[in-house]
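Below: one structure, written as structure tokens.
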2 protein chains.
Amino acid sequence: MVLSEEHRLVDALKRAGLKLTPQRLAIAEALTGDETHPTAQELYARLKPRFSSMSMATIYNTLGALTKIRGCRELEMGGATRFDPNVTPHDHAVCERCGAIRDVELESGEAPDSEPCPLPGFQVERIERVYRGVCAQCAEAA
Amino acid sequence: MVLSEEHRLVDALKRAGLKLTPQRLAIAEALTGDETHPTAQELYARLKPRFSSMSMATIYNTLGALTKIRGCRELEMGGATRFDPNVTPHDHAVCERCGAIRDVELESGEAPDSEPCPLPGFQVERIERVYRGVCAQCAEAA
DNA sequence: TCTTCGCTTAGAACCATTCTTATTTAGGAA
DNA sequence: TTCCTAAATAAGAATGGTTCTAAGCGAAGA
């Protein structure tokens, strides 16, 4: 599962004619299967021990490249850009207490962009939904 | 319309026990009826001519206070925080070409938070929807 | 009038992100 | 395998948005 996911990213890099550097492979690996929607800084902190000379620029360049080739998706939440390796249509639930962001699969059968035209003449390409509330863990703790 | 909107903000400030300083009134006035969802910087630029000594801190403090007392709403979009004076439940449409953010009223009769439970145990408080696509103006220009 | 406390100001500080430049390296060609 | 070159990395400076800090100001109450 995680392996095939990682392979998906590696394939995407190859197909785009981008070089498979150790740093890129490590970033792809770190992002793959990470459901916490990490920031660039968090990925940097996680990889720094393995690549002591790694630069933030490499993190940002790689994440930017992956985003452009649809290997991952950017989310603007909590004051920083977060990266989501899940590029299938889905929504997000954000806990107002702990800040955790979780993926929310679409209802089976739900067309991803099935909402009515919101504004006259506006051509909808996709819809992003954010559910805000309290996650099960925080609700239980309170 | 705009007058009563501005009055709403002034009332909210009063009720919260906050002082009605000239700066705060000017910020409330600038925000009221502004449908462009301005950033703090944009409001600063707009007010600087009138208050040559105004500080960014005052803008941020006031917008923060207004947000806390529900006089406006923060949106994280386009790399900066934007402020929306419309605090009734509504969605947003973002043009991928020009970046314009427009309010989208809920379908009449649509309950604001009527979606099914997205995750087991997650208590939904509200749902934010962002329609991404191309606005009528940009579609026509192309 | 005096005091107090909230507000504003100026600018430093902070943090995420982008840019610049020199150096290194992956991957194709010979 | 070796060589070559375009692409990628590293280091750190620069940028831009936002927050913090310290000092001063001013309105409201004693």
Side-chain angles (χ1 to χ4, degrees), chain A residues 9-31 37-69 71-72 74-83 99 101, chain B residues 9-10 12-31 37-69 71-83 99 101:
Chain A
L9 283 195
V10 173
D11 265 1
L13 285 169
K14 268 191 210 160
R15 254 182 284 113
L18 298 170
K19 293 183 180 176
L20 302 181
T21 67
Q23 293 89 338
R24 281 182 177 164
L25 294 174
I27 292 167
E29 185 197 338
L31 190 56
H37 307 85
T39 63
Q41 310 280 340
E42 287 165 355
L43 289 170
Y44 177 74
R46 189 142 8 124
L47 295 172
K48 189 70 176 171
R50 266 213 277 158
F51 295 84
S52 60
S53 74
M54 184 179 275
S55 154
M56 281 303 309
T58 299
I59 300 272
Y60 279 105
N61 285 343
T62 299
L63 291 172
L66 285 174
T67 302
K68 196 185 297 183
I69 64 179
C72 67
E74 293 185 352
L75 306 175
E76 288 184 56
M77 288 183 180
T81 304
R82 298 185 161 273
F83 295 86
I101 303 171
Chain B
L9 283 194
V10 173
L13 286 169
K14 267 191 209 159
R15 255 183 282 114
L18 297 170
K19 291 187 179 172
L20 303 182
T21 67
Q23 292 91 335
R24 281 181 177 165
L25 294 174
I27 292 167
E29 185 197 339
L31 191 55
H37 308 84
T39 63
Q41 312 278 342
E42 286 165 356
L43 288 169
Y44 177 74
R46 188 141 9 123
L47 295 172
K48 188 70 177 172
R50 266 214 277 159
F51 295 84
S52 61
S53 74
M54 181 179 277
S55 156
M56 282 302 310
T58 299
I59 300 272
Y60 279 105
N61 286 342
T62 299
L63 291 171
L66 285 174
T67 302
K68 196 184 298 182
I69 64 178
C72 67
R73 196 172 141 186
E74 292 185 353
L75 305 175
E76 288 184 57
M77 289 184 178
T81 304
R82 298 186 161 272
F83 295 87
I101 304 170

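Chain naming here is simple, since letters A, B, ... match the order of the sequence lines and numbering starts at 1 in each.
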Check your understanding: A:Y44 has an atom OH; how far is it from atom P of C:dT17, in whole Å?
Key -> 14 Å

Revision key, fill the gap. Among C:dT8, D:dT9, C:dA26, the one nearest any side-chain atom of B:T21 is C:dT8

Exercise for review: For B:K19 and C:dT4, give me the distance from atom NZ to atom P, rounded to whole Å.
Suggested key: 14 Å

Practice item. Return no unless some side-chain N or O of A:R24 is found under 4.0 Å from OP1 or OP2 of C:dA26. Key: no

Review point. How long is the gap from CD on B:Q41 to CZ on B:R82, to the nearest 0.5 Å?
Key: 10.5 Å

Check your understanding: Nearest-Å distance, CD (A:Q41) to C1' (C:dT18)?
Key -> 12 Å

Review point. How close or far is atom P of C:dA16 from atom CD of A:E74, stated in whole angstroms?
Key: 16 Å

Review point. Given the rule in the side-chain contact (heavy atoms from CB on, under 4.5 Å) test, do A:H37 and A:F83 qualify, once you have shown the distances and angles that lead to the verdict?
Key: CA-CA 5 Å; A:H37 307 85; A:F83 295 86; over 6 Å; no

Review point. Shortest non-hydrogen contact from B:C72 to B:L31?
Key: CB-CD2, 3.9 Å

**Study point:** Distance in Å, B:L9 CG paired with B:L25 CG, rounded so as to fall on 0.5 Å steps
**Key:** 10.0 Å

Exercise for review: Have a look at A:T81 and say if it touches a base, only the backbone sugar-phosphate, or nothing, with a 4.0 Å heavy-atom cut-off.
Suggested key: sugar-phosphate

Check your understanding: Can you tell me how far the CD atom of A:E76 sits from the OG1 atom of B:T81, to the nearest 0.5 Å?
Key -> 9.5 Å

Review point. Heavy atoms, side chains only, cut-off 4.5 Å: are B:L18 and B:T62 in contact?
Key: no

Exercise for review: Hey, could you give me the CG/CZ distance between A:L66 and A:R24, rounded to the nearest 0.5 Å?
Suggested key: 8.0 Å

Point to revise | Spacing between A:N61 atom CG and C:dA26 atom P, to the nearest angstrom | key: 16 Å

Exercise for review: Figure out the NZ/P separation between A:K68 and C:dT18, and round it to whole Å.
Suggested key: 12 Å

Check your understanding: Would you say A:Q23 reaches D:dA10's phosphate, i.e. side-chain N/O to OP1/OP2 under 4.0 Å?
Key -> yes

Review point. Of the candidate nucleotides C:dT17, C:dA26, C:dG6, which contains the atom at the shortest distance from the side chain of A:P22?
Key: C:dA26

**Study point:** Strand-adjacent residues in residues 48-60 of chain A, judged by heavy atoms under 4.0 Å from DNA chain C
**Key:** A:A57, A:Y60

Distance-only donor-acceptor hits, side chain of residues 42-57 of chain A, under 3.5 Å, sequence neighbours excluded:
{"residue": "A:E42", "atom": "OE1", "partner": "A:T39", "partner atom": "N", "Å": "2.9"}
{"residue": "A:Y44", "atom": "OH", "partner": "A:K48", "partner atom": "NZ", "Å": "3.1"}
{"residue": "A:Y44", "atom": "OH", "partner": "A:M54", "partner atom": "O", "Å": "3.4"}
{"residue": "A:R46", "atom": "NH1", "partner": "A:D34", "partner atom": "OD2", "Å": "3.0"}
{"residue": "A:R46", "atom": "NH2", "partner": "A:D34", "partner atom": "OD2", "Å": "2.9"}
{"residue": "A:K48", "atom": "NZ", "partner": "A:S52", "partner atom": "O", "Å": "2.6"}
{"residue": "A:K48", "atom": "NZ", "partner": "A:M54", "partner atom": "O", "Å": "3.3"}
{"residue": "A:S55", "atom": "OG", "partner": "A:A57", "partner atom": "N", "Å": "3.0"}

Review point. Which residues within residues 11-18 of chain A lie with some heavy atom under 4.0 Å of an atom in DNA chain C?
Key: none

